[in-house]
Amino acid sequence: MATLTRRDFAKLTGATAATLSLGGILAGCAGGGDEKPAAGADATGADVAAPSQVIVSMTVGSEPAAGFDPLVSWGCGEHVHEPLIQSTLITTDTDLSFKNDLATSYEASEDGMTWTFKIRDDVKFTDGTPLTARDVAFTINGILNSEASECDMSMVREAVAEDDATVVIHMEKPFNALLYTLAVVGIVPEHAYGEGYGANPVGSGRYMLEQWDKGQQVILKANPDYYGEAPKIERVVAVFMEEDASLAAAQSGQVDVAYTSATFAAQQPAGYDLLNCASVDSRGISLPTISAGAKKTDEKGEAAAGNDVTCDVAVRQAINYGVDRERMIDNVMNGFGTVAYSVGDGMPWSSPDMKCTTDVERAKKLLDDAGWAPGADGIREKDGVRASMNLYYSAGDTVRQGIAEEFSNQMKELGLEFAIKGVSWDDLYPHQFTDPVVWGWGTNAPIETYNLFYSKGTGNYACYENAATDAYLDEALACPKVEDSFDLWKKAQWDGTTGIAPQGDAPWVWFANIDHLYFAKENLKVAEQKPHPHGHGWSLVNNVDQWSWA
């Protein structure tokens, strides 16, 4: 099977977007109205009790291209979230502390090379078969052996079921952040997993797949044999649509919760509240740290790398100090965002040393001292190199386009020229290591910091290498207790001498965590949310089983 990567899924979902329309998506969906969702027939013709159903619009990219298969991308892929259909070993609560789900206890060995989980004995899959530690081992080993998996378990060697109630995970290297991954990896049944599982998943979670109309909607229904507290919402309908169609669906009362963005937030429909969910969904720009002409290997093979302007640390530092993040949020996001200086602002592992106030004069002095002199047209030059670059962003993303335009305008004051290029993902990825790119990142885990800044990280678009940073990250991941690692994560960002901070190597410039905005019906009580990771969709319904109608 060919490997499906982040870019492949972006291409698939982008292609799907062109085929969708409001009428096609909502055809047959029950719900809507000025009060509670109306009772009536759904797409299958079944009667629906109004108070037990919600209809939620999500981005087109929220539809899992490979179906509801945790061994590919469901729950643990690019957009991480609880898988709902399947159970997980552990989960996280609203303050991101770990709590047990299938596990009754777990512990790491002193050297961090094994993790032992005890499994509860009262769980059954929806086909009536008991769930055991063997299913847990099968799932983890299946991810390891799946060429198509978007779940990174490269740090795991194998999982072994010692008996029905005990599974031991053997590591290739200490990696305590594995716990964050296990909190979103749905456990699949060894006896019922095979080709086509993604379209017909058997799980043990809070919900079951009732219907999937590809390119349009997904309907989940409560699992009557769920071992935990019965869901208050018995039926969840997710419809996939573009931003303008989502707004139209709310304006016509056809959905109970409609995702939106800062662009449409002022058009709040009657009967709906604006639900603002804090996020760690960060927007930033990668700044290649090596000279042009280099090569870098990624999952697609060898690629061109390096940039003769951003390879100068003075340029990268100047960019970080010269950008006005508050102005960015006001002008691009209509104020719906918070200033960000890293990919994990506000998290226990984020460093206060990542913060830098806007100081245009300091930025100019950094460039002056490094020999970047303004030319006749105001654009700086050094040793025959003009401080002029392309800045790429994914076309069709209005926020990223706005960030690119605002950033380009602000950088002109420093004498740096950025020509913005809105292109498809196909056309963007060949430039990922050679040019600045507007990216969106963020999870409720420090894994993002590792992926972006570890020398061999899967998202190291800046081609950044720092032995001290690597050492801190390795040491952090070797701590048997995750909470003991946070200071080491901070030192990887800045230890007083070196690191990824703006006063250090500055391989990225970060701007904001975008608010995740939704129009929600006034009489719908949405349960307290965790910080939302990157991706506007399934993370909202992590706890949909706890929602209720007034």
Side-chain angles (χ1 to χ4, degrees), residues 29-31 37 42-44 46-56 58 62-64 67-72 74-76 81-93 99-104 119-136 138-139 164 182-194 196-213 217-238 256 526-527 537-549:
C29 281
D42 63 17
T44 67
D47 288 335
V48 178
S52 64
Q53 173 178 288
V54 293
I55 301 176
V56 181
M58 298 184 185
S62 295
E63 184 175 25
F68 304 88
D69 187 347
L71 272 61
V72 181
W74 173 242
C76 57
H81 57 84
E82 294 178 18
L84 295 176
I85 294 170
Q86 296 90 3
S87 304
T88 55
L89 277 174
I90 56 176
T91 186
T92 54
D93 56 22
K99 62 179 184 178
N100 292 330
D101 187 358
L102 290 175
T104 58
I119 310 301
R120 59 193 297 165
D121 61 4
D122 60 345
V123 180
K124 292 183 178 181
F125 289 107
T126 51
D127 65 359
T129 305
L131 184 152
T132 73
R134 290 177 173 78
D135 298 298
V136 177
F138 173 81
T139 299
D164 282 355
L182 295 177
V184 294
V185 169
I187 303 305
V188 304
E190 181 177 12
H191 71 279
Y193 184 85
Y197 176 87
N200 297 285
V202 175
S204 60
R206 291 161 279 173
Y207 291 92
M208 308 163 61
L209 178 63
E210 178 180 322
Q211 181 176 324
W212 179 20
D213 301 314
Q217 67 177 355
V218 166
I219 302 175
L220 306 180
K221 63 180 180 180
N223 177 3
D225 297 320
Y226 179 58
Y227 51 90
E229 184 178 348
K232 296 177 182 177
I233 297 295
E234 296 175 4
R235 206 156 178 270
V236 181
V237 181
D256 304 312
V526 174
W538 290 103
S539 56
L540 175 71
V541 296
N542 275 336
N543 58 8
V544 67
D545 56 303
Q546 301 169 35
W547 297 11
S548 61
W549 288 97

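Note that the coordinates shown come from a computational prediction; the quantities given were computed from them, not determined experimentally.
Here the closest non-hydrogen pair linking Y227 and D122 is CB-O, 3.9 Å. Nearest heavy atoms, P201 versus L209: CD-CD2, 3.5 Å. Closest non-hydrogen pair, P231 versus R206, comes out as CG-O, 3.7 Å. Scanning all heavy atoms of the two residues, the minimum distance from G186 to T139 falls at O-CG2, 3.4 Å. Nearest heavy atom pair, residue K232 against residue S548, reads CD-CB, 4.5 Å. A pairwise comparison of heavy atoms in Q86 and G203 identifies CG-CA, 4.3 Å as the closest pair.
In this structure F138 satisfies the side-chain contact (heavy atoms from CB on, under 4.5 Å) test together with V188, E190, Y193, sequence neighbours excluded. Residues passing the salt bridge (charged side-chain N to carboxylate O under 4.0 Å, His left out) test with D101, sequence neighbours excluded: none. For T92, the side-chain contact (heavy atoms from CB on, under 4.5 Å) partners two or more places apart in sequence, or in a different chain, are L96, F98, A183, K530. Residues passing the salt bridge (charged side-chain N to carboxylate O under 4.0 Å, His left out) test with D121: none are found, sequence neighbours excluded. Residues forming a side-chain contact (heavy atoms from CB on, under 4.5 Å) with D127 (at least two apart in sequence, or on another chain): F125, T129, H191, A192, V202. With sequence neighbours excluded, the residues that form a side chain to side chain donor-acceptor pair (under 3.5 Å) with T91 are E82.
Here the side chain of N100 pairs a donor or acceptor atom with the backbone of T104 at under 3.5 angstrom. In terms of modelled atom types and a separation under 3.5 Å, the side chain of W74 and the main chain of P83 share a donor-acceptor contact.
Residues I187 and S87 form no side-chain contact, since every pair of their non-hydrogen atoms from C-beta on lies 4.5 Å or further apart. Side-chain contact between I119 and L131 is present, with at least one heavy-atom pair separated by less than 4.5 Å. With contacts defined as side-chain heavy-atom distances shorter than 4.5 Å, the pair V185/L89 does not qualify. Residues Y197 and L71 fail the side-chain proximity criterion, which asks for heavy atoms closer than 4.5 Å. Here the side chains of V544 and W538 are not in contact, with every heavy-atom distance at 4.5 Å or above. Side-chain contact between Q211 and K221 is absent, with no heavy-atom pair separated by less than 4.5 Å.
One finds the CH2 atom of W549 at 9.0 Å from the CD atom of Q53 (value rounded to the nearest 0.5 Å). In this structure, CG on L102 lies 5.5 Å from OG on S204, to the nearest 0.5 angstrom.
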>> Does D225 form a salt bridge (Lys or Arg N to Asp or Glu O under 4.0 Å) with K124? I'd like the steps, not just the answer.
In response: CA-CA 8 Å; D225 297 320; K124 292 183 178 181; over 6 Å; no
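Remark: of the listed residues I219, V236, V541, N223, V236 is the sole one forming a side chain to side chain contact (heavy atoms under 4.5 Å, CB included) with Y207.
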